[in-house]
K.L.:
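Okay, here's the structure, questions in a sec.
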Amino acid sequence: MSVNLTPEQQRRIEENRQRALARRAERQAQVRPGCAQNKHTQPQEALQSVHLVIWFIQGPLVSVQDSWAPEATLSRASFLCLIFILSLQTQLIDTKGPCIKTVAPLSNVSSATNSFYGQLSKPTPGEKRPSKLPEAGGSVPAKKPAVSVKGKCVSHSENRFRVEVGYHAELITVFKTVPSKNYDPATRMWNFSLEDYQMLTALAGKCVVVSRCRLEVDIGYQADVIAIFKKMPSKNYDMKTRKWNFLLEDYGKLMAELSELPAVEMEPLPPAVLQSFSAQFEKSESRAPVPPEADLSHVDPQLTRSLMPFQRDGVNFAVSREGRLLLADDMGLGKTVQAICIAAYYKSEWPLLVVAPSSVRFTWAEAFRRWLPSVRADSINVVVTGRDSLRSGLINIISYDLLNRMDKQQPSSPFSVIIMDESHFLKNMKTARCRAALPLLKTAKRVILLSGTPAMSRPAELYTQILAVRPSLFPRFHDFGTRYCDAKQLPWGWDYSGSSHLGELKLLLEETLMLRRLKSEVLSQLPAKQRKVVTVTTDGTNSRTKAALNAAAKELARGYHNKSQEKEALLVFFNHTAEAKIRAIMEYISDMLECGREKFLVFAHHKLVLDSITKELAEKGISYIRIDGSTASAERQQLCDRFQSSQKSCVAVLSVTAANMGLTLHSADLVVFAELFWNPGVLIQAEDRVHRIGQTSNVDIHYLVAKGTADDYLWPMIQEKMNVLEQVGLSESNISEKAESASFHSKVSTQSFYHLHLTSERLKINHVQPARKK
Ligand SMILES: Nc1ncnc2c1ncn2[C@@H]1O[C@H](COP(=O)(O)OP(=O)(O)OP(=O)(O)O)[C@@H](O)[C@H]1O
């Protein structure tokens, strides 16, 4: 519950604050006589400054932002359980050195809305800080490092709070400057009036880039701050976000002015942002310059003539970035052909290395033969075993896993042009494949990363790809993690699994290294994709399976402290779910065939499910292809060709993990997900085997979801991850939000009946049959 401060209380707070500031200025002048007149003299013994940061950790107790606003609604109770960090500037005294002017920005302040900086660390009103324009890799006023002391603010008595913190001499000096100070010998702690709370704290804020040319300031209310905002030529107040935004070219001026305010601490933009938008800080332009047309006269005309206009733009972008980019076009937009053209532009620097998932190595060889007929077929070397040479061809194609083994044989890399297909394979720095690939990428002059889903679940997965293309942007993962992964320090270490400032990350990637076009943007003629969630039941499964399913559900529901135990329990539940869903899956497939859907894809995860489907299709005499982890790379293309050219009913039974990429199966227009998978990127990739260049019909995607199974956990998890990817521009649409919903009840159930809330006109016609009740 919050209690509004009366205007009188607010006035008194402000008066107290001003009085305290004046007293402090006076005292400093006494302690450092030279300093008052001459800012470049420093006292011998006085403490320079103390920097106080307070973190609210108990959200429900306090309206954090309000707590520093003059019209604050600050709860008295909110002082309970406040955690603060006292950061002491430990600059030592040097008679000849300059007086303190600036304070280091605290790197551990997590957000503008929940942190306070101590005004006592600030220059006194008479002191001036140097105002600087941003420099690449630097920030606005340089500040000295601070040391943090952790403690708590706790309710002491009515209208008073006490600070629970270990002994710190400098801190005590600060406490003694607070007008309402009182030392309680019983608790052996200092306590203060609530009215002096603001004296100990300061308003913290930060800038976030919100468009190519504008930044937004995230800060609480303070009249002086608003006055500065209003002075900025490019000021704009966004009524929706209730925040002020400015052109990037005003950033230096804005920061310099804000740094003059004693009770305000602004966190500067990260160096990577300053570096990426450096031209924008000079003069902000809303439109990115169009890359000049690259001279492709030396590339095979067969290839250049076939490029679609957006693909040609992709090549121009790559050349304008000197052959280093992450091409993140939607699946099926022809990244392969663009990559081949970009690599061909740099042919004088070959041999070329292509690293790809093992399942698509031969597809790549085929693509080179098709698009670059000028390269002799025998100069294309597909590495198949660890004993093969990696350097024998002009074009060398190898899988990620083999690369790891080859890397040990061949210490120095001869490759200056490298294509990394499905570059999200590099998402985990700790994996052997990533460790093998990064040194190669480091020495290569041209780095062409391809992925329709560069991050499958969270922003942290982008880091290695950014490092590969632009190593100078975030040399340290932690810097990336604190800004974009909502890094949190937990008792066992840092957690980077979150996400933050996603809009800025998207802009930064687009500005520097990533090109991503969506099908909806560039292929207006490509038909729509319609998703439907079909609820199936597990009725009719045998009692043993049901019992196992229920036991697994209970096990998961009991709650875990440990994430890995919880994951394990979910996996067990997922396994039992597979078995419990088999009957419903089979009925759904039969129904699709019965109602005239002749060709479609069925994705499943468990071998048991894949086996059951193929067994039943074989028994019914329905033609099918199957691609799973055991299918040889060379055989996959033949199976796809068979499916693509088949004129009669044919079902492609595919493993969601082994067949979600590198395949073109657009002769079908329906994809059924018999099982879910926790990684939304994998699901979208799988969908796009059908929704790609060459598709002429609307595409239907059906997700079979069973209530009371692991799907209840997986579906929301997928949705949540999808939301994050959508914000960073790496997913066109949220699977579940845009999906229509339908229910499909098993025929064998005691209540079995067709209850399909059908959405597609075609299905409606086929399914409007008398309800088949038992
Ligand atoms: N300019 C073009 N002319 C003719 N066919 C093209 C062209 N560009 C792409 N295609 C065809 O479109 C299909 C999809 O291309 P490709 O496999 O390169 O897409 P992708 O973006 O790499 O997809 P994924 O991310 O799913 O691997 C392929 O069959 C390819 O041959």
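In listed order, ligands and their atoms are each counted from 1. Treat the numbers as computed from the prediction; the structure is a model and nothing was measured. Computation of the quantities below employed the complete heavy-atom set of this structure, encompassing side-chain atoms and omitting hydrogens, waters and symmetry-equivalent molecules.
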K.L.:
Got the closest protein heavy atom to atom 26 (O) of ligand 1, with its distance?
P.N.:
Arg689 NH2, 2.7 Å
K.L.:
Any non-hydrogen atom of Gly452 lying under 4.0 Å from ligand 1?
P.N.:
no
K.L.:
Nearest protein heavy atom to atom 23 (O) of ligand 1, by residue and atom, and its distance?
P.N.:
Gly332 N, 2.9 Å
K.L.:
What about the rings of Phe574 and His605, do their centers lie closer together than 6.0 Å?
P.N.:
yes
K.L.:
If you measure every N/O of Val337 against every N/O of ligand 1, is any gap under 3.5 Å?
P.N.:
no
K.L.:
Give the residue and atom name of whichever protein heavy atom lies nearest to atom 3 (N) of ligand 1, and the separation in Å to one decimal.
P.N.:
Trp371 CH2, 3.7 Å
K.L.:
Fit a plane to each ring of Phe480 and Tyr463, take the angle between them on a 0 to 90° scale, and name the class: parallel (under 30°), tilted (30 to 60°) or perpendicular (over 60°).
P.N.:
tilted
K.L.:
Write out the residue and atom name of the closest protein heavy atom to atom 22 (O) of ligand 1, then the distance separating them to 0.1 Å.
P.N.:
Thr336 OG1, 3.3 Å
K.L.:
What is the nearest protein non-hydrogen atom to atom 28 (C) of ligand 1, stated with its residue, atom name and distance?
P.N.:
Thr664 OG1, 4.0 Å
K.L.:
Counting only heavy atoms, which portion of Arg692 has something under 4.0 Å from ligand 1: side chain, backbone, both, or neither?
P.N.:
side chain
K.L.:
So is Lys599 actually on top of Phe643's ring, under 6.0 Å and inside 45° of the axis?
P.N.:
yes
K.L.:
Among all the protein's non-hydrogen atoms, which is closest to atom 30 (C) of ligand 1, and how far away is it?
P.N.:
Arg370 NH1, 4.4 Å
K.L.:
As an exercise, identify every atom of ligand 1 less than 4.0 angstrom from a heavy atom of Lys335.
P.N.:
18 (O), 19 (O), 20 (P), 21 (O), 22 (O), 23 (O), 24 (P), 25 (O)
K.L.:
Among all protein non-hydrogen atoms, which one is nearest to atom 12 (O) of ligand 1, and what is the separation to 0.1 Å?
P.N.:
Ile693 CB, 3.4 Å
K.L.:
Can you pull out the closest protein heavy atom to atom 8 (N) of ligand 1? Residue, atom name and distance to 0.1 Å, please.
P.N.:
Gln311 NE2, 3.0 Å
K.L.:
Examine Tyr496 together with Phe477 and report whether their ring centres are nearer than 6.0 Å.
P.N.:
yes
K.L.:
Under 4.0 angstrom from ligand 1, any heavy atom of Met661?
P.N.:
no
K.L.:
Compute the minimum heavy-atom distance from Asp329 to ligand 1 and say whether it is under 4.0 Å.
P.N.:
no
